[in-house]
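This structure is in structure tokens; I'll ask about it shortly.
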Amino acid sequence: MRISVPLPVVIICAVFAAIIPTAVGLISWISPENAPLYVDGSHDVMLSWGARSLGLAAAGWIALLVVRDARGYAAALGAAAVREVLDLIDLLFRSLETSTGLYVMLPISSTSLVTGFALSVLAIRRHQAAHDEAPTPGAAPATA
């Protein structure tokens with residue numbers, strides 16, 4: 001049985017777990033020197049970073065286009081949220097000069113992904129609670 005999620009979860013998954021990671025991953029692969037946080041001579045690191053982004057983007061696209069269920073959204077959003085929160089922590093303690101755009105984008109994406117993940121888990125728990133309360137078909141009625 002499919003467990004539906006609110007529309008904002010689908011939008012968060014599409015934007016922050018599929019579209020943006022796909023763009024960042026492709027940029028990092030096609031032109032590593034244009035990737036966010038590029039440091040001179042770090043082409044290999046950018047290729048790995050791009051692969052990581054594309055792998056997580058694949059999970060987002062699979063959740064959106066194939067699974068279309070709260071469990072798929074929770075998996076994709078949870079993985080992307082961990083990545084973004086850890087990137088945010090890294091950025092906060094980084095001593096290198098970085099783009100101010102990252103100081104805006106990472107908190108927004110981290111908060112959105114964690115919120116989408118939480119709403120997906122909430123949908124799963126509500127579904128499980130409703131399923132636990134529903135009578136089993138063919139079971140004898142309870143007597144008092």
Side-chain angles (χ1 to χ4, degrees), residues 1-39 42-94 96 98-144:
M1 170 174 266
R2 186 172 172 272
I3 304 172
S4 62
V5 294
L7 181 60
V9 172
V10 177
I11 294 169
I12 290 169
C13 188
V15 173
F16 294 107
I19 296 169
I20 291 175
T22 299
V24 169
L26 289 175
I27 289 168
S28 299
W29 268 57
I30 295 169
S31 180
E33 62 277 354
N34 292 322
L37 299 177
Y38 177 77
V39 177
S42 65
H43 277 66
D44 292 343
V45 173
M46 290 298 105
L47 292 174
S48 295
W49 196 62
R52 176 188 74 156
S53 291
L54 288 171
L56 289 170
W61 288 114
I62 290 168
L64 285 165
L65 302 174
V66 178
V67 178
R68 301 180 61 192
D69 182 83
R71 293 165 286 211
Y73 290 115
L77 291 167
V82 169
R83 178 206 56 211
E84 286 297 295
V85 168
L86 292 176
D87 284 351
L88 179 60
I89 291 168
D90 175 60
L91 182 65
L92 293 175
F93 292 103
R94 184 177 291 272
L96 300 173
T98 59
S99 165
T100 55
L102 287 173
Y103 287 103
V104 173
M105 188 59 190
L106 280 175
I108 291 170
S109 61
S110 297
T111 303
S112 298
L113 288 164
V114 169
T115 301
F117 172 72
L119 290 172
S120 297
V121 170
L122 183 62
I124 294 166
R125 289 193 175 216
R126 284 183 180 160
H127 174 79
Q128 288 173 339
H131 180 71
D132 291 344
E133 292 174 4
T136 307
T143 56

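What you see is a predicted model, and the numbers here were worked out from it, not measured in a lab.
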Interatomic distance, Asp87 atom CG to Met105 atom CE [nearest 0.5 angstrom] =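 Between atom CG of Asp87 and atom CE of Met105 there are 12.0 Å.
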
Checking side chain to side chain contact (heavy atoms under 4.5 Å, CB included) against Tyr73, which of Ile3, Leu119, Val5 comes through?
->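 That would be Val5; it is the only one of Ile3, Leu119, Val5 passing the side chain to side chain contact (heavy atoms under 4.5 Å, CB included) with Tyr73.
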
side-chain hydrogen bond (donor to acceptor under 3.5 Å, both in side chains) contacts touching residues 114-125 (sequence neighbours left out) =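 Those involving residues 114-125 do not exist here.
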
Under the side chain to side chain contact (heavy atoms under 4.5 Å, CB included) test, residues paired with Ser31 that sit two or more places apart |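 Per chain and number, Ser31 pairs via side chain to side chain contact (heavy atoms under 4.5 Å, CB included) with Glu33, Asn34.
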
When rounded to the nearest 0.5 angstrom, what distance separates OG1 in Thr111 from CZ in Phe16?
->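 Reported to 0.5 Å precision, the distance equals 9.0 Å.
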
Those residues that, when tested against Ala59, pass side chain to side chain contact (heavy atoms under 4.5 Å, CB included) (two or more places apart) =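 Here the qualifying residues are Ala76.
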
Rounded to the nearest 0.5 Å, how far apart are CG of Leu113 and CG of Leu106?
->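 Leu113 atom CG to Leu106 atom CG measures 10.5 Å (nearest 0.5 Å).
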
Could you give the distance from SG (Cys13) to CZ (Arg68), rounded to the nearest 0.5 Å?
->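 The CZ atom of Arg68 is 12.0 Å from SG of Cys13, to the nearest 0.5 Å.
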
Which residue pairs satisfy the side-chain hydrogen bond (donor to acceptor under 3.5 Å, both in side chains) criterion with at least one member in residues 74-83, sequence neighbours excluded?
->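 For residues 74-83, and leaving out neighbouring residues, there are no side-chain hydrogen bond (donor to acceptor under 3.5 Å, both in side chains) pairs at all.
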
Please round to the nearest 0.5 Å and tell me the distance separating atom CG of Asp132 and atom NE2 of His127.
->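 The CG atom of Asp132 sits 9.5 Å away from the NE2 atom of His127.
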
Between Ser4 and Ala70, which heavy-atom pair has the shortest distance, and what is it?
->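 Looking at all heavy atoms of both residues, the shortest contact is O-CB, 4.4 Å.
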
Heavy-atom closest pair, residues Gly25 and Leu54 =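 Taking Gly25 first and Leu54 second, the nearest heavy atoms are CA-CG, 3.8 Å.
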
Mind listing the closest non-hydrogen atom pair of Gly72 and Val67 along with its distance?
->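 That would be CA-CG1, 3.8 Å.
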
Write out all pairs satisfying salt bridge (Lys or Arg N to Asp or Glu O under 4.0 Å) with one or both partners inside residues 70-81, taking only residues at least two apart or from two chains.
->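 Counting only pairs at least two positions apart or across chains, the salt bridge (Lys or Arg N to Asp or Glu O under 4.0 Å) contacts touching residues 70-81 are Asp69-Arg71.
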
Taking only residues at least two apart or on different chains, which pairs with a member in residues 17-26 satisfy side-chain hydrogen bond (donor to acceptor under 3.5 Å, both in side chains)?
->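 Residue pairs with at least one partner in residues 17-26: Thr22-Trp61.
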
Contact summary for Ala14 and Leu64, nearest pair of heavy atoms |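 Scanning both residues completely, I find the closest heavy atoms to be CA-CD1, 3.4 Å.
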
Ile12, Val9, Leu77 screened by side chain to side chain contact (heavy atoms under 4.5 Å, CB included) with Phe117, the one that passes |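 Only one option passes, and that is Leu77.
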
Point-to-point distance, once rounded to the nearest 0.5 Å, from CD1 of Ile108 to CG of Leu88 =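 Answer for the CD1-CG pair, Ile108 versus Leu88, is 11.5 Å.
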
State, to 0.1 Å, how close Gly50 and Ser28 come at their nearest heavy-atom pair, and which atoms those are.
->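 Gly50 and Ser28 have their closest heavy atoms at CA-CB, 3.5 Å.
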
